[in-house]
Amino acid sequence: MKNNDKRLGLRLGVAAVGMVAGLADAQLANNIAIDVKAMSMGHAVTADPPGISAIHFNPAGLAKLDGRRMDLQFVGADFSLESEFSAPPGYNVFGFSDDPIVCNDVPDDGVDYCRSFKTATSTVEGISLYVPFLNDTVDLPPGPLIAGPLPAFSIRPAGSKFTFATATYLPLAAGFYRDEDDVGNYMGERVALERITYLSPSIGYKVNDELYIGASIGMSYQAIALEQDFRAPNELLGFARVLDESICAPFEGESNIALDLILFGICRPEEGLGPFKNLASLDVSMDQRFSPSYNLGILWEPSERFAWGATWRSPAKTHMKGDYKITYSNGARETINGIGGSATGALALAVLGIPSYVEEEEVGRVSMDLTMPATFQTGIKIKPTERLQFNVDAVWADYKEWDAFNIVFDRSSAVLSLARLFSPGSTPTRLSYPLNFQSTWNLAFGAAYDLTGRIQLRAGYEPRASAIPEDRRSPMVPINEARYYSLGLGYKWDKDTDIDLGIGMLHSKDEIPANTSCAANCTGINNVVYNPYAGLDIKTEAKVTMIGLAFRTKF
Amino acid sequence: MKMMSGKVAVAAALLLAQHVAWAAESVDEAREALQTQEDDVTQEKNLEEVFQAAEKQYSLLPSGQMSLNFSGNYSYYRDDRIDIAIDENTGGISRFRIEQDAQHSFSSSLSLDYGIWNNLTFNTRLPVSYKYDTQQDISQAALGDVSFGLRYQPFPVRPGAMNTTLYTTFVTPTGDSPYELNVREEVSSGSGYYSLGAGVSVSKVIDPVVLFGSLGYTYAFDVSGLNQVRGSAILTDVHPGDSLNFSMGLAYSLSYEVSLSASYQQSYNFETDFVFENYTASSEDSTSSVVNTSLGLRTSSNRIINLSFGFGLTEDSPDVLLGISMPIDFSGLKPGA
């Protein structure tokens, strides 16, 4: 039973880091929804930077902007994340298969196995946002998230070779909430992730008529918030249920010293543990208000027909910090407190350095260092005819940087004292969560056609590579290998004013058969990483639809 | 009885240790107080006002005008403290260690001034900082405390007469609060509390010298609802001490282009109370003072670049201070320019 509890603590401890999986996935939204024109050209715009958004895509492009300019962008995004859970033949955890997620039977019907299985579906209800300074997550009513107007300004003094600019944009904004009873809540009931670049002083320099260079500094706000339930369907918790339902049953309601001494107090709790029960809920939010980074760019345009560009976007070291709250389930509390309440059990816990009593809630401060990966992007623009234009880019993102996430707690808790016994690299106040991400390369394609002197039609396609290895996929935000399609329209309102419209869709579909990803459904008691759907088949589908409107003018 | 006295000794040792710890705390406080004084009345401001004084009735920004200033500062702070605990019974030393502290901080800030009336100027300041603590090997870039202020001149400037400016500053705790971080792992970039300051600054031209001085008081608002681990205790509330500050100095104009100035600044911080879950502790009041010298170079008719150098005089002050400040000309941003 001691082991059992250690395992519980471990699960909770690992659970505390489960959130980073979500962060990781969503983070793969590199380049998305920053600029409407780039959105409609498949992000293949390094050789053809769009207006003042050149700050992100290639700051050298700023040198081509003259006078005083202003861009206002409105971006809307809608997330649809669906997961399906089903039990493969022979599904059981230590003999139990009445997992309420996939079983139609009435709960607690006294039978250990499931008579009729079902396929469960998890969806998201709507979008959640983490509000800076208010430090709270708000749920938006169902419908797309609309951001805007996102302003950008540039200026080139008359006769100067320098262009100065700044823009406000969202390199990352994602978030959702699920229904309270949703089966996907073990992978995030409420999640919000954002990186907001609020100020980006930039400079573009025109070296000569063919060559431009540029640089920008981004000052960003970064935040992550997560609410999540935890469970651990494995053999140890299966064994705990056997203890609770079979071995302890004859002693129910009885507690005496002799029994407690022999059984380490395991039969003391009124509610025990089980593989399919919620063990604890976690509520974490962390942010950093100032996180600097820089972009460098070069653009070579020897003729109207051809251009080449390259951009380096620096890594950004962030140090996010905030609050955590762990709410233990009744079963988990009663079990630890029951053991702690018996003389032999308390002794055993003390030997292991584990508190013999847990409160219903534990609160404190938490922090995490996270390096936003560097990216490199290079591409060309070709105009085979007067009206037609093709762009091709190659994009590299250094997700290899994310080999592990380290989370630091300001105090030691029941969870951490237990987790440290199992997780290498962890201490009573530090938790290490292995990720083993990989860096990615992918191509991106864009095309534009001038229908008339005023109207330009655009399209884009980007097959995005997955930074998440096969054995680390999860249904939290399942964006692995993804396809991005887009369409757009540019309208020249007058000599100085352009309006861009764009729509893009990112689609990622995946199957995670039981026991193939140890960030979701691995079985076995030796899995120290979080597997709330152990032994289940999972199908995931993510669709992100974006629309945008950009208004670009001189003032 | 023997046991009792043993307890007393332990308690005394604890108190002493705490006392030292709070001394360290107040050092930080004082240092921060000194740093935030930059927003109030700096020599640069005084100098700018003085140089512009000849042309206008008021030396503040004319109504409707805006000016943007950039300043960069570096300071180095280093201190060794003896942490000692004495057993009251035996007189023996139960703990003796030397605590070292060394911190490099680089900060830069943008400040925006806007003339509401000819004699009323609104000011806001956005600081960012990078700190490197050599002792703990922690480095961190962070947003500082954003502040807002008003400067008001009740009387028009008359040549030869004393020029008086009233000022008020409101500081918001947008930086990383020292009371909400993990003390083992992180460094703060802000004060952690709201504060409201007010004061008066005066200057008088006695050709070719300008004398200036200021006096101010800052009220610090309490912070509650904290939950910070400090050793074995949990900090829940902080009642920061108010502070009183003054400065005086002179500027000497060597030529139309070059000026030199020297000033002395001092701030006195009243004691701060720290409320823990089980008890309350107070820090000592502290004083920090700094001598600053600066060189002002007029690079064009409306631009003065200031380079400054200073050093601290008390243990609570930074050892070295270097700074540069200059206006950012955004005439190009104005429509029609």
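Owing to the predicted nature of the structure, the values given are computational and were not obtained by experimental measurement. Because only heavy atoms are used, hydrogens play no part in the values below, and waters and symmetry mates are left out as well, while side chains stay in. Order of the sequence lines sets the chain letters (A, B, ...), proteins ahead of strands, with each chain counted from 1.
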Contact winner vs chain A - B:Leu181, B:Asp176, B:Val229, heavy-atom pairs under 4.5 Å: B:Val229
Interface moiety of B:Val128 toward chain A, non-hydrogen atoms closer than 4.5 Å: side chain
Contact check, side chains of A:Leu170 and A:Thr197, non-hydrogen atoms, under 4.5 Å: no
Centroid separation B:Phe170 to B:Phe148 less than 6.0 Å: no
Ring geometry between A:Phe409 and A:Tyr324 (parallel below 30°, tilted from 30 to 60°, perpendicular above 60°): perpendicular
B:Ser325/B:Ser71 under side chain to side chain donor-acceptor pair (under 3.5 Å): CA gap, chis, key distance, verdict: CA-CA 4 Å; B:Ser325 84; B:Ser71 71; over 6 Å; no
Contacting region of B:Gln140 [heavy-atom separation from chain A under 4.5 Å]: side chain
Structural part of A:Ser291 lying under 4.5 Å from a heavy atom of chain B: neither
